[in-house]
There are 2 protein chains.
Amino acid sequence: MAVSEAEAIIMEVLWRSSPRSAEDILAEVGPQQGWQEGTVKSLLNRLLKKKAVKAERDGRRYLYAPRLTREQYVSQESKGLLDRLFGGRVAPLVAHFSEQRKLSRKDIVELKKLLQELDDEQS
Amino acid sequence: MAVSEAEAIIMEVLWRSSPRSAEDILAEVGPQQGWQEGTVKSLLNRLLKKKAVKAERDGRRYLYAPRLTREQYVSQESKGLLDRLFGGRVAPLVAHFSEQRKLSRKDIVELKKLLQELDDEQS
DNA sequence: GGTCATCGTTTACGCATGTAAACATGAACA
DNA sequence: TGTTCATGTTTACATGCGTAAACGATGACC
């Protein structure tokens, strides 16, 4: 089962640093998202059920940590979009962003470097 | 309100060619998705309610056509992903696909050309 | 040992979604 | 004119999600 959007926000917190307590997670994400204790707890439980996080006992409470890696998550999500909207091809995706003027100067520099490196390692 | 995944499949049909009747849409998408008449009709109605498609009477029936353009849809979706997962930057996205070996030879050629063109038009 | 604070677990509830059946309506035909 | 066929409209129903309150267990403290 897929990690939902709200759940992903919890995951991001855990990816940044883990293991962490629920209280700790709430402190980081609550104010920013306007979420209350119960919300964070429910999300954590759903993530446990989905096996996206694991919990290890620490005295009276649990410390939570990702089981699903960010790489795995990002891969699923971006492959989904790529396949659904761009026929699985990367160049059209970039072309789209280019047309939308979403390519910064920095992006362009980095992309060039990336392509250069691909050439290098390939020769 | 956002166009859902199932709804997007109907949209794709309409983007390919429109206006079209419900029957016509069903013929194209039904067998492939295993959807029945009622399903397609419901999806069309939800899309109407969301103003993503419009319907024009054609005798006893309606002909449906997109109101939301594919460009608009693709933009929303891809900007969402870009922001959520890559800090809104394109280069990291491409780097990700590169690491996942999702860059085909053809992609690389096209990306180079794209970057070249950007240079050209800018100078 | 009874009470309180602290955690986690269970239950709730409205809304969206996927999937479709039931119903309504109007045209066509017997 | 009553029946049938084709369409669209309404209703349904299970599941997941966002958001949280209620409940339960357990350790700490008086």
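First the proteins, then the strands, lettered A, B, ... as listed; each starts at 1.
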* Pairs in or reaching into residues 81-92 of chain A: which pass salt bridge (Lys or Arg N to Asp or Glu O under 4.0 Å), with residues at least two apart or in two chains? -> A:Lys79-A:Asp83, A:Arg84-B:Glu77, A:Arg89-B:Asp107, A:Arg89-B:Glu110
* To do: Quick one: list whatever passes salt bridge (Lys or Arg N to Asp or Glu O under 4.0 Å) with B:Arg101, sequence neighbours left out.
  => none
* DNA chain D contacts among residues 44-54 of chain B, heavy-atom distance under 4.0 Å -> B:Asn45, B:Arg46
* Asked: How long is the span from the CG atom in B:Leu93 to the CG atom in A:Leu93, to the nearest 0.5 Å?
  -> 6.0 Å
* **A:Glu5 CD - C:dT17 P separation (whole Å)** => 12 Å
* Which ones in residues 6-38 of chain A lie close to DNA chain C, meaning a heavy atom under 4.0 Å from one of its atoms? -> A:Ala22
* Which sits closer to the 5' end of DNA chain D, A:Met1 or A:Ser42, going by the nucleotide each is nearest to? -> A:Met1
Atom pairs and distances, side-chain donor-acceptor, residues 4-15 of chain A, under 3.5 Å, sequence neighbours left out:
{"residue": "A:Ser4", "atom": "OG", "partner": "A:Glu7", "partner atom": "N", "Å": "3.4"}
{"residue": "A:Ser4", "atom": "OG", "partner": "A:Glu7", "partner atom": "OE1", "Å": "3.4"}
{"residue": "A:Glu7", "atom": "OE1", "partner": "A:Ser4", "partner atom": "N", "Å": "2.7"}
{"residue": "A:Glu7", "atom": "OE1", "partner": "A:Lys50", "partner atom": "NZ", "Å": "2.7"}
{"residue": "A:Glu7", "atom": "OE2", "partner": "A:Lys50", "partner atom": "NZ", "Å": "3.1"}
{"residue": "A:Glu12", "atom": "OE1", "partner": "A:Arg70", "partner atom": "NE", "Å": "3.2"}
{"residue": "A:Glu12", "atom": "OE2", "partner": "A:Arg70", "partner atom": "NH2", "Å": "3.2"}
{"residue": "A:Trp15", "atom": "NE1", "partner": "A:Leu68", "partner atom": "O", "Å": "3.0"}

* All pairs passing salt bridge (Lys or Arg N to Asp or Glu O under 4.0 Å) where residues 35-47 of chain B contributes a residue, at least two apart -> B:Glu37-B:Lys41
* Between B:Val40 and B:Ala22, what is the shortest heavy-atom contact and its length? -> CG1-O, 4.3 Å
* To do: Could you pull out all residues at least two apart from B:Arg67 that satisfy side chain to side chain contact (heavy atoms under 4.5 Å, CB included)?
  => B:Lys51, B:Lys54
* Asked: With a cut-off of 6.0 Å (strictly less than), are more than 12 heavy atoms of other residues, nucleotides or ligands near CD of B:Gln72?
  -> yes
* Asked: Which part of the nucleic acid, if any, lies within contact of B:Ala2, taking any heavy atom under 4.0 Å across all strands shown: a base, the sugar-phosphate backbone alone, or nothing?
  -> sugar-phosphate
* To do: At under 4.0 Å between heavy atoms, which parts of nucleotides 23-30 of chain C does protein reach? Answer with one letter per nucleotide, 5' to 3': B base, S sugar-phosphate only, - none.
  => ----S---
* Structure fact -> When every non-hydrogen atom of B:Tyr64 is compared with those of B:Ser21, the smallest separation belongs to CD1-C, 4.3 Å
* For DNA chain D, note the earliest and the latest nucleotide, 5' to 3', having some atom under 4.0 Å of a heavy atom belonging to chain A. => D:dG16 to D:dG27
* Asked: Which heavy atom in B:Glu28 sits nearest to a heavy atom in B:Gln32, and how many Å separate them?
  -> O-NE2, 3.7 Å
* Please give, in whole Å, the distance from C:dT6 C1' to A:Leu63 CG? -> 15 Å
* **For the student: nearest non-hydrogen atoms of A:Arg20 and A:Ser18, plus distance** => CG-CA, 3.7 Å
* Of the nucleotides C:dG8, C:dT19, C:dT11, which one has an atom closest to the side chain of A:Tyr62? -> C:dG8
* Can you pull out how bent the helix from C:dG1-D:dC30 to C:dA30-D:dT1 is, comparing the axes over its first five and last five pairs, to 10°? => 40°
* Below 4.0 angstrom from OP1 or OP2 of C:dA20, is there any side-chain N or O of B:Thr39? -> yes
* To do: Taking side chain to side chain contact (heavy atoms under 4.5 Å, CB included) as the test, write out the residues that go with A:Ser78, two or more places apart.
  => A:Val74, B:Leu81, B:Phe86, B:His96, B:Phe97
* For A:Ala2, side chain to side chain contact (heavy atoms under 4.5 Å, CB included) partners two or more places apart -> none
* Asked: Got a donor-acceptor contact below 3.5 angstrom from the A:Thr39 side chain to the A:Trp35 backbone?
  -> no
* To do: Answer yes or no: does a side-chain N or O of B:Ser4 lie under 4.0 Å from OP1 or OP2 of C:dG18?
  => yes
* Are A:Leu48 and A:Leu63 connected in a single hydrophobic cluster, I mean Ile/Leu/Val/Met/Phe/Trp/Tyr linked by side-chain heavy atoms less than 4.5 Å apart? -> no
* Short question: side chain of A:Ser98, backbone of A:Val94 - any donor-acceptor pair under 3.5 Å? -> no
